[in-house]
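Please read the structure below before turning to the comments.
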Number of protein chains: 2
Amino acid sequence: MTSTAATSRDLPHPVRDEIRLEAVLHALSEPLRLQIVRELCAEADELACSYFDLPVTKSTTTHHFRVLRESGVIRQVYRGTAKMNAVRRDDLDELFPGLLDSLLAAADRQAARLGAGG
Amino acid sequence: MTSTAATSRDLPHPVRDEIRLEAVLHALSEPLRLQIVRELCAEADELACSYFDLPVTKSTTTHHFRVLRESGVIRQVYRGTAKMNAVRRDDLDELFPGLLDSLLAAADRQAARLGAGG
DNA sequence: TCACTCGTACGATAGTCATCGTAGTACGGC
DNA sequence: GCCGTACTACGATGACTATCGTACGAGTGA
């Protein structure tokens with residue numbers, strides 16, 4: 001094949017204008033999903049679903065990634081057998097400037113506060 | 001009685017350190033509750049529950065205000081028969097600097113975008 | 001072709017949630 | 001004391017959700 005086709009399979013994503021703040025907040029209100037997004041942003045690169053060692057089964061993992069994708073928080077694309085995930089930072093920053101950074105900062109701050117047990 | 005007691009009834013609130021980001025996001029992921037918080041911030045003053053003209057029954061209104069209170073987003077206090085509501089801006093700003101402003105800005109932006117239909 | 005890995009689809013289940021109606025409590029004014 | 005207003009508590013209900021297990025599909029490499 002000629003170019004950038006990931007594979008044959010395509011996944012449905014909301015276009016930028018279909019992303020809703022409420023859906024984004026709902027997606028991020030789940031601890032596991034918030035953690036996934038934090039790691040995705042920390043790595044600043046595409047990560048496979050299997051990269052994450054989550055305390056749930058594969059079925060549940062699939063579910064959480066789908067919620068993130070359908071809410072517009074992440075973009076998913078197949079590369080071989082792996083499904084790669086990346087935060088839709090450009091779209092989110094365009095729609096809600098500064099929101100993602102504030103959310104990540106808030107999550108970091110809380111993690112530091114709760115983790116350190118101060 | 002001597003001073004500032006609102007009335008006899010007191011309502012349970014989480015203290016600052018008990019406020020969790022996930023709970024805040026969950027509370028604000030509901031359109032009605034997000035709207036309530038937006039109005040509370042816009043008025044910059046305490047507002048009674050009855051101020052809001054919500055398309056749900058009083059029971060449901062009570063439920064939504066309780067979720068906001070128990071997540072730490074708002075503070076509620078009785079004044080006579082009225083229950084006054086105010087956003088806990090100081091606590092939220094201390095815990096998650098800039099988050100509330102980003103969320104409100106995002107909500108405003110989305111409202112303008114969807115309302116204007118541009 | 002065969003096996004292996006990664007992820008999906010489906011069905012089930014237990015829990016949470018938004019909603020309502022009704023009945024009840026607390027406060028303020030008459 | 002009595003009534004009206006503001007809000008609550010309780011029970012019910014339908015919808016959604018997080019979770020799982022099992023069975024399956026799609027791709028990679030031997």
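Just so it is clear: chains get the letters A, B, ... in the order the sequence lines come, proteins before strands, and each one is counted from 1.
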For the pair made of [atom1] in [X] and [atom2] in [N], what is the distance, rounded to whole Å?
X	N	atom1	atom2	value
B:L11	C:dC27	CG	P	12 Å
B:D10	C:dA26	CG	P	14 Å
B:I74	D:dC7	CD1	C1'	13 Å
B:N85	D:dA6	CG	P	14 Å
A:Y78	D:dT28	OH	P	13 Å
A:E46	C:dG7	CD	P	13 Å
B:L54	D:dA6	CG	P	15 Å
B:Q76	D:dA6	CD	P	16 Å

Given side chains that start at C-beta, do those of B:P55 and B:L32 come closer than 4.5 Å, heavy atoms only?
-> yes
Hey, are the side chains of A:M84 and A:C49 touching, using non-hydrogen atoms and a 4.5 Å cut-off?
-> no
List for me each residue that meets side chain to side chain contact (heavy atoms under 4.5 Å, CB included) alongside B:T57, sequence neighbours excluded, and say none if there are none.
-> B:S59, B:T60
Could you run through nucleotides 14-20 of chain C and give me one letter per nucleotide, 5' to 3': B if any protein heavy atom sits under 4.0 Å from the base, S if only the sugar-phosphate is that close, - if neither?
-> ---SBBB
Should B:S50 be listed as having a side-chain N or O under 4.0 Å from OP1 or OP2 of D:dC7?
-> yes
Treating Ile, Leu, Val, Met, Phe, Trp and Tyr as nodes and any side-chain heavy-atom pair under 4.5 angstrom as an edge, say whether A:V77 and A:V73 lie in one connected cluster.
-> no
Taking 4.0 angstrom as the limit, do B:D108 and B:R38 come out as a salt bridge?
-> yes
Is B:D91 reaching over with its side chain to a backbone N or O of B:R16, donor-acceptor style, under 3.5 angstrom?
-> no
